Structure formats: C-alpha cells, structure tokens
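Here the structure is a predicted model, which means the values were calculated and not measured. Per chain, numbering begins at 1; letters A, B, ... match sequence-line order.
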There are 2 protein chains.
Amino acid sequence: MKQPTILDVAKRAGVSKSLVSLAMRGSDQVSAASRQAIFEAAADLGYRPNAAARSLVRQRSFILGVMLSDLHNPFFAEVVDGIDDAALTAGYRALYNSGRRSPQLEAEAIETLLELRVDGLIVAAPAIGPKSAVAAARSVPTVVVGRATRSAEIDCVTNDDRLGGELVVDHLVSLGHRQIAHIHGGSGAGAHPRRTGYERAMRRHGLSAEIRSVAGAYTEDAGMRGMEELLDSGDRPTAVFVANDIAAIGALDVLDEYGLRVPEDLSVVGYDNTHISGRHRFDLTTIDQPRSEIGYTAVSLLLERLDEGRIEAKRVVLAPRLVARGSSARVSLRAAAERA
Amino acid sequence: MKQPTILDVAKRAGVSKSLVSLAMRGSDQVSAASRQAIFEAAADLGYRPNAAARSLVRQRSFILGVMLSDLHNPFFAEVVDGIDDAALTAGYRALYNSGRRSPQLEAEAIETLLELRVDGLIVAAPAIGPKSAVAAARSVPTVVVGRATRSAEIDCVTNDDRLGGELVVDHLVSLGHRQIAHIHGGSGAGAHPRRTGYERAMRRHGLSAEIRSVAGAYTEDAGMRGMEELLDSGDRPTAVFVANDIAAIGALDVLDEYGLRVPEDLSVVGYDNTHISGRHRFDLTTIDQPRSEIGYTAVSLLLERLDEGRIEAKRVVLAPRLVARGSSARVSLRAAAERA
DNA sequence: GTGAAAGCGCTAACAC
DNA sequence: GTGTTAGCGCTTTCAC
C-alpha cells in the first residue's frame, strides 16, 4: 500500500528528484530523453503526486473549501455546480463539507477545511452566526453565501432577500389578497430579511394590521407545522408566503390533508425556485435566485483576493425575480366571503 | 495572512516544539504549567495545526474522501448524512467531491482525493465504470456505493437492485397489470440490475411478450422523454416502472400534461423512496433503500480495512422494500378495455 | 540540462 | 518532563 514517491521515480528513471519535479510540472527545461524516461518510470510505478507535501512547500493547496450547511436543500446542488465549474476553470479544485444544519458541526466543518489549509473558503448558508466566518476570514479569503453579514470585513454574495419578500407581497396584493400570512425561516440564511421584506411591503400597502408571522424553518416539517398553526387558528389567511420552497412543499402537504384547494381556497408562494417547484404537481409560485451565478460569483470573489490581491471586502447582491405559477391566484369570492 | 506554526507557539510559551506537539495532542506527559503556557500561547496566536504537515509525517490524514456522482439526486443527501455521522464517530472527517455526472469529471475528482492521500475512498453511484475505482483501490481502501462491481477485489454496498425491480413487477401484477413498461436508467448506478429484475419477473409471471423497455436516465428530463415515447407510441401500457424517483417525477409531469390521471389511467412506480416521493402531490409508489444505513455501512467497510486490517473484499447487499402508495392501483376496467 | 541542498510544519524516537 | 534530531514528499534556489 506504500505509495511511490518522487524519489522512486527518480531512481527508476536514473535522474535526480529535482528533474522529476520539473518534468512533472511540464517544464521545458528538461531534455526529451529525460522527460520520456521520467514519464515511463512514473507510469510503471503508478506514481501520483502527494498533494499534502506539495501544499506544504508551495504554501498553496489550490483547493477551495466549501462548507455546505444543508445538503438536503436541492437549492444548493446548482450553486455547487456553479462553484465547481468556476473553480475548475481557474485551476482550483473544490472540496465540500457538510454542516448538517447544526451550528456546532458547521464550526467543526469549517475548522477541518482551515486545518487543511484551503486557499479559499466558501461558507454556504450557515445556520451559524457570521462570527465564525469572520474569524475564518482572518486566516484565509472567505465568502459567505446566502446570508448577509453585518461585518464589513467579509465578502458575501446573496440575493436581495428583503426585496424578494416584498415582491411576494406585491404579487399577492395585486391578486387582491389582504390576509397574507408568513411562515418564516427561523434562523435560516436569508430568513430574516425575507420576513422584513414581507412586513415592509405589507405596511406599504396599508396592511399593517394583517401582518402575521408564524415560526418556521427551511424544512418540510417546519412548513407543515407552520401551516397547521395557521389553519388551526380558526382565522385562515387567503394567502401564505412560506420562507422557502422546501417548507412550502411541506405546507402544501398539510393543505392537501385538510382538503383545502390551492389556489382556490388559499394561495401559496415559496422562495428559491427549486427545480421541484416547477413540476405540475406543485406548480409553485416562488422567487427565483440565480443559482449557478451565485456559485460562480462566490468563486470569483475568492479569485480576486487570491490572484488579484483585492483587500477590501465586497458584497454582491443579486436580483431576485418572481416566478408566477399556479399556486397563487386572484383571491376567490368564497375565500373573501369566509373571511367577512 | 501567514499562519502561526507550532514553532511560534513554542517560542511564545518558552518551550520546545515537541512539547507543544505533545500538549496539542493531549498527552499527559506534560506538566500542568507548561500545558497552560502552551494553550495560552496557542490561543493568543490563533494557532491552528496544519493538517497537510501532520498528514505527511503521520502517513495518515484521517480524512475519508467521497466522490459524489450527482448532487442533484436527493437520494444521496441522506446517504451522505450516514457517511458523515459514521466518519465523525470514528474520528475521521468526510470530504466530498462532485463528479457532476460526467465520467471524465468523476475520474478527476477521484484523482484529486487520491493525491490528497485520503485514508479511505467512497465512490458513490459512479457513472464511470468500476475500472477506475478498482485502480484507486490499489492505493487506498475503497468502497463503491450503489453499483455492484464485477471485480472481486473491491468492496461495495448496494441494495439488491434486481430484487427491487422484481418487487415492482410483483406488486403491479398483483394489482392486475400485464402491460407493464419500464423506463430504464441508462448507465446510472444500479440501473442495469433493476432492468434485469423487471425482465426476469415479467417472464416469471408469463409476461415475456409484454416486456418493453425504453431509454432513460436518472434525471427528470429522461423520465419525461421516456414517458413521452411510451404515450406517443399509440400503445399505452397500464403501468410504468421508472428507474428512479427523479425520473418518475419527470414522467408524472408528462402524464399531467397529457391529461392522464394516475393511477386511474396509468400506474407509476419509482425507485429510491426519495423524501419527495412521499408528498401527497406525488404519492409515489416506490422502492425504499435504507439510505443512512448505506452510508454507515460504506464507512464501516473502510474502517474494517483501516483499523482492523481486513484484506479480502466484501460486498454488502441491503434489502429493498416496496412502499405502496397512491400512484399504483388495481388496473382499471377502462384502461384494460382501451387495451383490448 | 541537471543535481545538491535547504526547508515547508509537523511527529516520533531517543536522549537527558 | 523536556529538548534534540531526523525525516515525511515535495519545490526551489543555486551551482555546475
């Protein structure tokens, strides 16, 4: 199981290890004869460079570490595609970690990446506060994805969650809704501004009295519980804005159980434009975030620091976009009547 | 940005670097006074051990590398949870890679992990043939997940895909179906045995003449195309077994578009028991695989080689289980009549 | 073109 | 208890 080293290759090829090193990295300072002997020896031996040793001496790993808070959210699959693609193009490799939605595990995952001496760190939608990301940023270029950080020292890329929340309300109000409730996303990334956007837009439309938020999170379960709470209250809204698509899908499940029809009895809007939301069976009105662009941008921010020496922090805010589908519709006479 | 090293800590604490090394690893050979001085110095400096250096000298990285072929399949989120949990419990860290469903990228991802000198490698549902996994296994303990390998030298954990395919057919036949088509999974992991199981069970039930497979893959798109092909053929089956849940969801979408009802006009069965398949809106009959157990088992196989010195290859086959839901039902008189 | 030598940050004998 | 020393596998001057 002992792996061959550069020295084994050198011996077999009858040259010094420095020459092997040069040849392996494609230097043209090596004679054709030596080069061939070296490559042959390497192939015979099944030589594979040791990235740890290389990283140690070069002080560069060419690895971008990505802490993923929640692999269960399909939203991130596409962000990851963007990250992966951008990293590869730039000559880096992306390595991922799971935080399993636990602040404690997220911190450990980040620590693991840092000990590995990744050249750059991406923290995706942490449940954990930005403190540890800020701490990490002191030792390596870091960008937080999906959550705006208060601190001015750290790069981040988000969509404008507050605006997204407002777009949802504007859309529902334009359909005649007034009783618009919100199942919020708890401590999830972007949940707070989404809620702020909801409240702000409600006020702007003169609906302050109708503002109504219930506890939630970015999980199906939370969406179910939130919807149950709203339905069991005996005061049913005509529309519900759920903090993300996953939770919205849970909410729809509860509506089905209760025998309520969407959008006839109740309009539902999600957030993320997760792939699944476009399926006929859900046909969920939602807010689109440019997923692969988010991933791509995160890597770009890292590269600007790594390869171009940028120092000052930068925050990129991408535009959200309402995608109107069948789960939201003009408020029905019946629903309005029931309310009256 | 220069990181403090063990030497910086030693200087600041006024001791030698070996003592620091001992203290950091919790040896009790260090006096209380030194220990405290060392920890204080480390904290002051923000010292963080360099995993690359450590891995180099210890010849152990305590990292398990996982090549994920397709992050888009929610099926793997839970397998990953199992892997992560088991690895952490055993004192290892799991690091993930994306193969983005491309054989070429999968090979590169595996190579990256190998160069990093991970202690163990998990190859999850590779689109790539097992050749490269076998090659990898020569340098590090390796287990392939989700795809049975012909080679006897390599560990793998799968569910019994062939049996799973048979269970689907048995279920549908028991509901009176005879015209049961299959949208297969192409080169996807486990797709071949699922198809074999389908065909074998059809024969067993005396339905050889009804065997009918159309091309597919483990994507929504492929499921859509497969279902379109079946519907446009002018010879509609009464039930369709789709190779996995994702593709089945695509297939359902097409049925919705065509205005066909499930299960009244057509029964549909998937594979994986992905979380989403349980939602009311889909209510998809499917085959359950024990996801976190799969992940957990994969890590155990690695640990047996790593910590217990197992040499001979081992293949673990877990039992699939039919989960009957609303997308499959007794063949309707109308569907049968239309066929006649 | 090629080789010798130093050193990246750490651990592990081995002294004392 | 604590310090010294010799590498782990690689890259990188700097000679020749």
Side-chain angles (χ1 to χ4, degrees), chain A residues 1-39 41-42 45-63 91 112 114-119 139-140, chain B residues 1-39 41-42 45-63 91 112 114-119 139-140:
Chain A
M1 224 65 157
K2 186 84 177 78
Q3 307 266 58
T5 74
I6 202 174
L7 203 61
D8 299 317
V9 177
K11 278 188 196 133
R12 182 174 246 262
V15 297
S16 74
K17 59 176 190 159
S18 11
L19 239 206
V20 176
S21 174
L22 279 176
M24 295 305 287
R25 280 169 297 131
S27 160
D28 51 359
Q29 304 275 70
V30 183
S31 71
S34 304
R35 158 170 292 112
Q36 196 192 335
I38 290 169
F39 282 149
L45 261 26
Y47 169 74
R48 178 157 27 227
N50 182 324
R54 176 178 287 174
S55 146
L56 193 58
V57 54
R58 305 236 6 219
Q59 303 282 70
R60 279 284 223 139
S61 60
F62 292 96
I63 290 175
T112 297
L114 259 19
E115 292 187 358
L116 247 189
R117 298 297 191 267
V118 296
D119 289 341
S139 60
V140 69
Chain B
M1 224 63 155
K2 186 85 177 75
Q3 306 267 57
T5 75
I6 203 174
L7 203 62
D8 299 318
V9 177
K11 279 189 195 133
R12 182 173 245 262
V15 298
S16 75
K17 60 178 190 159
S18 20
L19 240 206
V20 176
S21 174
L22 280 177
M24 295 306 286
R25 279 170 298 134
S27 162
D28 52 358
Q29 304 273 68
V30 184
S31 72
S34 304
R35 159 170 290 114
Q36 197 193 333
I38 289 169
F39 282 150
L45 260 27
Y47 170 74
R48 178 157 27 226
N50 182 325
R54 175 177 288 174
S55 145
L56 194 57
V57 55
R58 304 232 13 215
Q59 302 283 70
R60 278 284 223 141
S61 61
F62 292 96
I63 290 176
T112 298
L114 258 20
E115 292 187 357
L116 247 190
R117 297 300 190 264
V118 296
D119 289 341
S139 58
V140 69

Show me the protein contacts with nucleotides 14-16 of chain C, counting only N or O atoms at under 3.5 Å.
none

Output for pair (Leu116(B) CG, Ser55(B) OG), nearest 0.5 Å, gives 8.0 Å
Overall bend of the helix from dG1(C)-dC16(D) to dC16(C)-dG1(D) (five pairs an end, 10° steps) is 40°
Taken to the nearest whole Å, CG/Asp28(B) to P/dT2(D) is 12 Å
Separation between OH (Tyr47(B)) and CG (Asp8(B)), nearest 0.5 Å, reads 9.5 Å
Original post:
Does any non-hydrogen side-chain atom of Ile63(A) lie less than 4.5 Å from one of Asp119(A)?
Top reply: no
Rounded to the nearest 0.5 angstrom, the OG1-NZ distance for Thr5(B) and Lys2(B) is 7.0 Å
query = Is Ser34(A) touching bases, backbone alone, or none of the nucleic acid, heavy atoms closer than 4.0 Å?
reply = sugar-phosphate
Residue set satisfying side-chain contact (heavy atoms from CB on, under 4.5 Å) with Arg48(A), at least two apart, ordered chain then number -> Glu111(B), Leu114(B), Glu115(B), Arg117(B), Ser139(B)
side-chain contact (heavy atoms from CB on, under 4.5 Å) filter on Ser18(A), not counting sequence neighbours, yields Ser16(A)
Each nucleotide of nucleotides 4-14 of chain D classed B (base within 4.0 Å of a protein heavy atom), S (only sugar-phosphate) or -, in 5' to 3' order, makes B-BBBBBBB--
To the nearest 0.5 Å, atom CD1 of Ile38(A) lies from atom CE of Met24(A) at 9.0 Å
Quiz prompt | Residue-phosphate contact under 4.0 Å: Ser31(B) side-chain N/O, dT2(D) OP1/OP2 | solution = yes
Rounded to the nearest 0.5 Å, the OG atom of Ser34(B) sits from the CG atom of Leu19(B) at a distance of 5.5 Å
Whole-Å distance, Arg60(B) CZ to dA12(C) C1', equals 16 Å
With sequence neighbours left out, the residues meeting side-chain contact (heavy atoms from CB on, under 4.5 Å) with Leu56(A) are Asn50(B), Ala53(B), Leu56(B)
Fill in: Any side-chain donor near an acceptor of the partner, Ser31(B) and Arg35(B), under 3.5 Å
no
